Amino acid sequence: KSNLNSSGILVLVLDEKYLDEYYSMVNLLRDNNINSEIYLDPNKNMKKQLAYADKKGFSLAIICGQDEIDQNKATIKKLKSEDENKQFTVPRENLINEIKKLQ
């Protein structure tokens, strides 16, 4: 089991009105046996949420703002990566496959 796998994924909450979307993503991840958590305080900005993810040792964050929601996409951010392409956006239906590639 890779280190990435055990640390899981944090779904950021960028807007309370999208909570249903965020929960459906977390449920999808969990249905696919991917350890995930949703950030429950929408009053914290993205930087604070990412700092929390880092402190807790998450390997990935999922970021969905209005643009992503409108386009049915999700942005995956690699938290522990020195990689130039730290984050990339994928269609929502590809989310699980993309995450599995990273694990």
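The chain is numbered in sequence order, starting from 1. Keep in mind it's a predicted model, so treat the numbers as computed, not measured.
- For Lys44, the salt bridge (Lys or Arg N to Asp or Glu O under 4.0 Å) test picks out Asp41, with sequence neighbours left out.
- Put simply, the side chain of Asn94 never gets that close to the backbone of Asn97: no donor and acceptor are under 3.5 Å apart.
- Taking CG of Leu29 as the start and CD1 of Ile99 as the end, the distance is 5.0 Å to the nearest 0.5 Å.
- Heavy atoms of other residues, nucleotides or ligands lying less than 6.0 angstrom from NZ of Lys86 number more than 12.
- Residues passing the side-chain hydrogen bond (donor to acceptor under 3.5 Å, both in side chains) test with Lys78 are Asp83, sequence neighbours excluded.
- Judged by distance alone, with hydrogens and angles left aside, the side-chain atoms of Arg30 form no donor-acceptor pair with the main-chain N or O of Asn35 at under 3.5 Å.
- Gln66 is linked by a side-chain hydrogen bond (donor to acceptor under 3.5 Å, both in side chains) to nothing, counting only residues two or more places apart in sequence or in another chain.
- Of the inter-residue distances, the one linking Ile9 atom CD1 with Ile38 atom CD1 reads 13.0 Å to the nearest 0.5 angstrom.
- Taking the side chain as every heavy atom from C-beta outward, Lys73 and Val90 never approach each other to under 4.5 Å.
- The ring pair (Phe, Tyr, Trp, His ring centres under 6.0 Å) test applied to Tyr39 returns Tyr52, not counting sequence neighbours.
- Rounding to the nearest 0.5 angstrom, the gap separating the CD1 atom in Ile76 from the OG1 atom in Thr89 is 8.5 Å.
- Side chains of Leu60 and Leu79 form no contact here, defined as non-hydrogen atoms less than 4.5 Å apart.
- For Glu68, the salt bridge (Lys or Arg N to Asp or Glu O under 4.0 Å) criterion is met by no residue, not counting sequence neighbours.
- Side-chain contact check for Ile62 versus Lys77: every heavy-atom pair is 4.5 Å or farther apart.
- Applying the side-chain contact (heavy atoms from CB on, under 4.5 Å) test to Leu28 and every residue at least two apart in sequence or in another chain returns Asn32, Ile96.
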Show every donor-acceptor pair shorter than 3.5 Å between a side-chain atom in residues 10-21 and any protein atom, with sequence neighbours excluded, or say none if there are none.
unit_1 : atom_1 : unit_2 : atom_2 : d
Asp15  : OD1    : Lys17  : N      : 3.0
Glu21  : OE1    : Arg92  : NH1    : 3.1
Glu21  : OE1    : Arg92  : NH2    : 3.0

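- Applying the salt bridge (charged side-chain N to carboxylate O under 4.0 Å, His left out) rule to pairs touching residues 52-62 yields nothing, sequence neighbours excluded.
- Cys64 and Met25 make their closest contact through SG-CE, 3.4 Å (heavy atoms, listed as atom of the first residue, atom of the second, distance).
- Qualifying side-chain hydrogen bond (donor to acceptor under 3.5 Å, both in side chains) partners for Lys101, counting only residues two or more places apart in sequence or in other chains: Glu98.
- Identified under the ring-ring contact (aromatic ring centres under 6.0 Å, His included) test for residues 68-100, with sequence neighbours left out: none.
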